[in-house]
Structures are given as structure tokens and as C-alpha cells.
A.B. asks: 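The structure's right below; bear with me while I get my questions together.
Chain naming here is simple, since letters A, B, ... match the order of the sequence lines and numbering starts at 1 in each.
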There are 2 protein chains.
Amino acid sequence: MPAKVSTTATRAALLAAAREEFAAYGVAGARVDRIAERAGVNKERIYGHFGSKEKLFDAVITEAIDDLTAQIALPGSDPVDYVAKLSAYYQAHPELVRLLMWEALNYRGQELLPGQEARVERCARKTASMSERPTEATARTVFLLTGLALFPAMMPQLARILLGEAAGDQEAMREHAAAFAAAALRDGLPGEGPSGG
Amino acid sequence: MPAKVSTTATRAALLAAAREEFAAYGVAGARVDRIAERAGVNKERIYGHFGSKEKLFDAVITEAIDDLTAQIALPGSDPVDYVAKLSAYYQAHPELVRLLMWEALNYRGQELLPGQEARVERCARKTASMSERPTEATARTVFLLTGLALFPAMMPQLARILLGEAAGDQEAMREHAAAFAAAALRDGLPGEGPSGG
DNA sequence: TTGACATCCAACTAGTTGGTTGGTGTAGCG
DNA sequence: CGCTACACCAACCAACTAGTTGGATGTCAA
């Protein structure tokens, strides 16, 4: 240990607390005091480690997305499995869904966060593996498949309206999403096969 | 007209300004001063008319959703057309998408807004018209179709990552979503036909 | 015109918020 | 052992926020 008590532990505690707080309240709604308290750390440490509330948010979402991409690969040869796995991941990590939404709401039209460019390349490579000739249509399909997995987790209140009590059965929703994807891809990717539009 | 200068006009201006403000910054990020200024009205009027910032938000989103449901019916006999029309509507009204997202983020697990129950009934009726025997599976399909239309508008930054420059072509995305829906429903609704899951 | 009433607003306030600062305690090092 | 460097924190602050108030203004009824 150098001349510090527990730098990395403090940082990690801050990140974990911030993830909860940001997921719950968003950037504007999050309170730095609350984050510090939850982490059992002084507020000033946030600024020492991250600089500002918004930079802390960037760190949080970057970490969360990295956690996801480390565990879920983009659709390779089995797009339906991709939808199923991704749905399950989002169901298991609702905070990530909320973080993604808040990020989408915040960075409108602006550039991506640094480090997302690396993700872009990884995506491109993976999308390529799904089809021999990776077309724009293939990428769009991947995008929609992701939506199939994400959407139920994003809009629970709409699910409630449309499904009523059945909205609670998230596993059924996941299976339905996978079945929907399977049906759509039955005769090949839209835009590629003879059925394409 | 009673002894008022322009009650309805003030109220409408407030609602319009609030819609922009809330769409842009969310409930926590929105500033009541900014709303009042944008409406060309005094801040106090917000409290006179609506009571609080959050109630104003409720009024805004209720109005926005009513605008939508007045123009777009749930899928009747033509689900693909539903996806196409809904996609177009969201593209034309990006503020509504953002409002829906912020609402989803705010009311987590809580009850729906008053007035949404009426919408529930309307939904149930419409869903029924899509299938002779409205099942839970049908409702889930309607939900996913809505997601197909909404998702591209919700996650432009993800589209950017997956599609690159092509993300800008929203009309192509809409067509692709409709084609995807058509492919999925080609042999009947998932959960109903022989292909069901 | 006058009274009654509702709309409207400038100025104010009480409470929070993100961010800072001055100082303490500990670990390495000569 | 004293010195330096860094992690750490209680207390603080300037700026800003949602919400309020007291009075000016305009409209209707008589």
C-alpha cells in the first residue's frame, strides 16, 4: 500500500453507489451527497476522483456497458439466441437499461462518449459475422433485434397497459420476443432473402 | 368569457413551452423559470394553473399521448401498417418519444397516471380486433410491434454505433422495421399459428 | 361609473445543490 | 525521527431552485 488508505476501494464504492443513484434518478436528479453517503465516503472524493458529476456519470455508464459487452456478444450465427440472452441480461440488470435510457436522453445529437468508438469497431466485426456480406440491412436487423430485447425492459408501464397483469411475467415476454425474432428471420434476414422489402 | 384576459391561451402556451422543456431536460432537469419565459408568461401562472412542476409534467404527457392516440389507432387488421404509421408519427414527433422515456424512467413500479385507465380499455378493444380470439400472445405481439416502431426513435445513439452514417436515414429504418414486422407475421401471429412458441 | 372578481406579474424567500477549502492522519523515505 | 506526499474529511459557500405573496390590470355585471 502506498501513502493512501484505500484509493481503489473508495473509487469502486463511489462507482457502485453512483450506478445505483444515476440509474434511479438520472444525471439531473442524482444527488452527489447521496452518492457519497451511499458509498460511505466524503463528497469531496467524487471531485478528487472524477472531477464532476457528469464525468462520474460517464465513468458509470462506460463501466456498465463494458460489463455488458464482456458478457453478451453481438449476434453471430444465432440471432435468436442473441435476443434471448440479451433479454435475460437486461432483465437481470435493470439499472443498465435505465442508464442507457438516461444516456440516450442526455447526449442528443452530440458525439459519443470516448471509448465508444472502440465498441463501434467491435460491433462492426460482429455484425459482419452474422452475414457473409454485411449489408446495411443486416445492421438494421441487428439493431431491431436489440430493440426486441431492450424494449420490454425499457417500457414496463406500456407493457402494463397492453398486457395488464400478464406484464409481470417477464420470462414469457422474453420467450415471446425470441419467438418473434425467430419468425421474422425464418426465411433469412430481411433485405437479403427473397422475402426482403 | 368571464373576467379573464386569456386563460386558455396562457394555459396552452404554458403546455406547449413545458412540452419542449420537459422533452429536452426531463422533469428534474426542467426549469420552471425557463418554461414561463418560453411561454411569455409569469412563473406563478404555472402554479395557478397546474399546481406544481410534476403536475404540469403529467398534464403535458397526458396531452401528448392523447394527441397520439387520436391519430394512430392500435393495429387492427393490418399490423404492418400500424408499425409503419407509428414509426412515422414518432419520427415526426420526437418530443413525444422523449416524454415517454422520461415518464418510463420516473414512474417506476408506481401506478399509472389517472386517465391512462381509459387508454387501457381502448387498447384492449383494439387488440381484440387484431385477432378473433385475443390472447395474451397477441397482446405481447402488439407490444413488440410498438417497440419496433419506437425503438429506433428512442436509441439514436445506438443506431449510430451499429449503423454509422446510415443511422441518419430514418425513412429506411422505418421501412426496415415494417419489413421486419411483416416477416415475423407472415405465417400468422406468434403464439397462435403452427409456428408459435 | 363602480364594484367584484379573476388574471397576471415583479420581487421575494426558504431550502438545496454542486463544488471548494483548510486541515488531519498515515505511509514511505532519508 | 522529521519531512513529504497523498488519501481523506467536516464545514463551508455562492449560486440556483421551486414555490409564494401582495398588489396592478383588465373584464364583466349592474
A.B. asks: Of B:Y47 and A:E44, whose closest DNA chain D nucleotide lies nearer the 5' terminus?
C.D. replies: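 Result: A:E44.
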
A.B. asks: With the side chain of A:V41 defined as its heavy atoms from C-beta on, choose the nearest nucleotide among C:dC12, D:dC9, C:dT20.
C.D. replies: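 Taking heavy atoms from C-beta onward, the closest nucleotide is D:dC9.
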
A.B. asks: Taking the six-membered ring of B:F180, is NZ or CZ of A:R140 closer than 6.0 Å to its centre and within 45° of its axis?
C.D. replies: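 Not flagged: A:R140 not positioned over aromatic ring of B:F180.
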
A.B. asks: DNA chain C: B:R45 or A:G51, which has the more 5' nearest nucleotide?
C.D. replies: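 Per heavy-atom nearest nucleotide, the more 5' residue is B:R45.
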
A.B. asks: Can a salt bridge be assigned to the pair A:D33 and A:R38 using a cut-off of 4.0 Å between side-chain N and carboxylate O?
C.D. replies: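 Salt bridge between A:D33 and A:R38, a charged N being under 4.0 Å from a carboxylate O: no.
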
A.B. asks: When you check the side-chain N and O atoms of A:T141 and A:T138, is any donor under 3.5 Å from an acceptor?
C.D. replies: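 The criterion, which ignores hydrogens and geometry beyond distance, is not satisfied for A:T138 and A:T141.
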
A.B. asks: What does the inter-axis angle of the helix from C:dT1-D:dA30 to C:dG30-D:dC1 come out as, five pairs per end, nearest 10 degrees?
C.D. replies: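 Taking five pairs per end, the axes differ by 10°.
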
A.B. asks: Picking from A:F22, A:F50, A:Y25, what satisfies ring pair (Phe, Tyr, Trp, His ring centres under 6.0 Å) with A:F57?
C.D. replies: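 That would be A:F22; it is the only one of A:F22, A:F50, A:Y25 passing the ring pair (Phe, Tyr, Trp, His ring centres under 6.0 Å) with A:F57.
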
A.B. asks: Mind calculating the distance between CZ (A:R11) and C1' (D:dC6) to the nearest angstrom?
C.D. replies: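 After rounding, the reported distance stands at 16 Å.
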
A.B. asks: Is any side-chain N or O of B:H49 closer than 4.0 Å to OP1 or OP2 of C:dT7?
C.D. replies: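 False: B:H49 side-chain N/O out of range (4.0 Å or more) of C:dT7 OP1/OP2.
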
A.B. asks: Roughly how many Å is it from CZ in A:F57 to P in C:dG19, rounded to a whole number?
C.D. replies: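 Going from CZ in A:F57 over to P in C:dG19 covers 15 Å.
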
A.B. asks: Within this structure, what is the CG-to-C1' distance between A:L56 and C:dG18, rounded to whole angstrom?
C.D. replies: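 For the pair A:L56 CG and C:dG18 C1', the rounded distance is 12 Å.
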
A.B. asks: Salt bridge check, B:D67 against B:R19: does any charged N sit closer than 4.0 Å to a carboxylate O?
C.D. replies: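 Looking at B:D67 together with B:R19, the answer is yes, because their closest N to O distance falls below 4.0 Å.
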
A.B. asks: Can you get from A:L96 to A:I61 by hopping between Ile, Leu, Val, Met, Phe, Trp and Tyr side chains that sit under 4.5 Å apart?
C.D. replies: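 Linked within one cluster.
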
A.B. asks: Check B:E37 with B:R31, please: is the shortest side-chain N to carboxylate O separation under 4.0 Å?
C.D. replies: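 Not counted as a salt bridge, because no side-chain N and carboxylate O are separated by less than 4.0 Å.
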
A.B. asks: Please determine, for the side chain of A:S52, which listed nucleotide (C:dG19, C:dC8, C:dT20) has the closest atom?
C.D. replies: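 So the nucleotide nearest the side chain must be C:dG19.
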
A.B. asks: For C:dC8, does either OP1 or OP2 sit under 4.0 Å from a side-chain N or O belonging to B:T10?
C.D. replies: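 Result: yes.
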
A.B. asks: Minimum heavy-atom separation for A:A13 and A:A39, please, with both atom names.
C.D. replies: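 Closest heavy-atom pair between A:A13 and A:A39: O-CB, 3.6 Å.
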
A.B. asks: What is the distance, to the nearest angstrom, from the CG atom on B:N42 to the P atom on D:dG23?
C.D. replies: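 After rounding, the gap between these two atoms is 16 Å.
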
A.B. asks: Under 6.0 Å between ring centres: does that hold for B:F143 and A:F151?
C.D. replies: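 When the ring centroids of B:F143 and A:F151 are compared, they turn out to be within the sub-6.0 Å range.
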
A.B. asks: Listing time: all N or O pairs from protein to nucleotides 14-17 of chain C that are below 3.5 Å?
C.D. replies:
unit_1: C:dT17; atom_1: OP1; unit_2: A:R31; atom_2: NE; d: 2.8

A.B. asks: Atom NZ of A:K43 and atom C1' of D:dC9: how far apart are they, to the nearest Å?
C.D. replies: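 The distance from NZ of A:K43 to C1' of D:dC9 comes to 12 Å, rounded to the nearest Å.
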
A.B. asks: Roughly, in whole Å, what's the span from CD1 in A:I46 to P in C:dT20?
C.D. replies: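 Rounded to the whole Å, the gap is 12 Å.
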
A.B. asks: From CZ of A:R34 over to P of C:dG19, roughly how many Å is that when rounded to an integer?
C.D. replies: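 Going from CZ in A:R34 over to P in C:dG19 covers 15 Å.
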
A.B. asks: What is the distance from CD of B:E54 to P of D:dT17, rounded to the nearest Å?
C.D. replies: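 Rounded to whole Å, this separation is 17 Å.
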
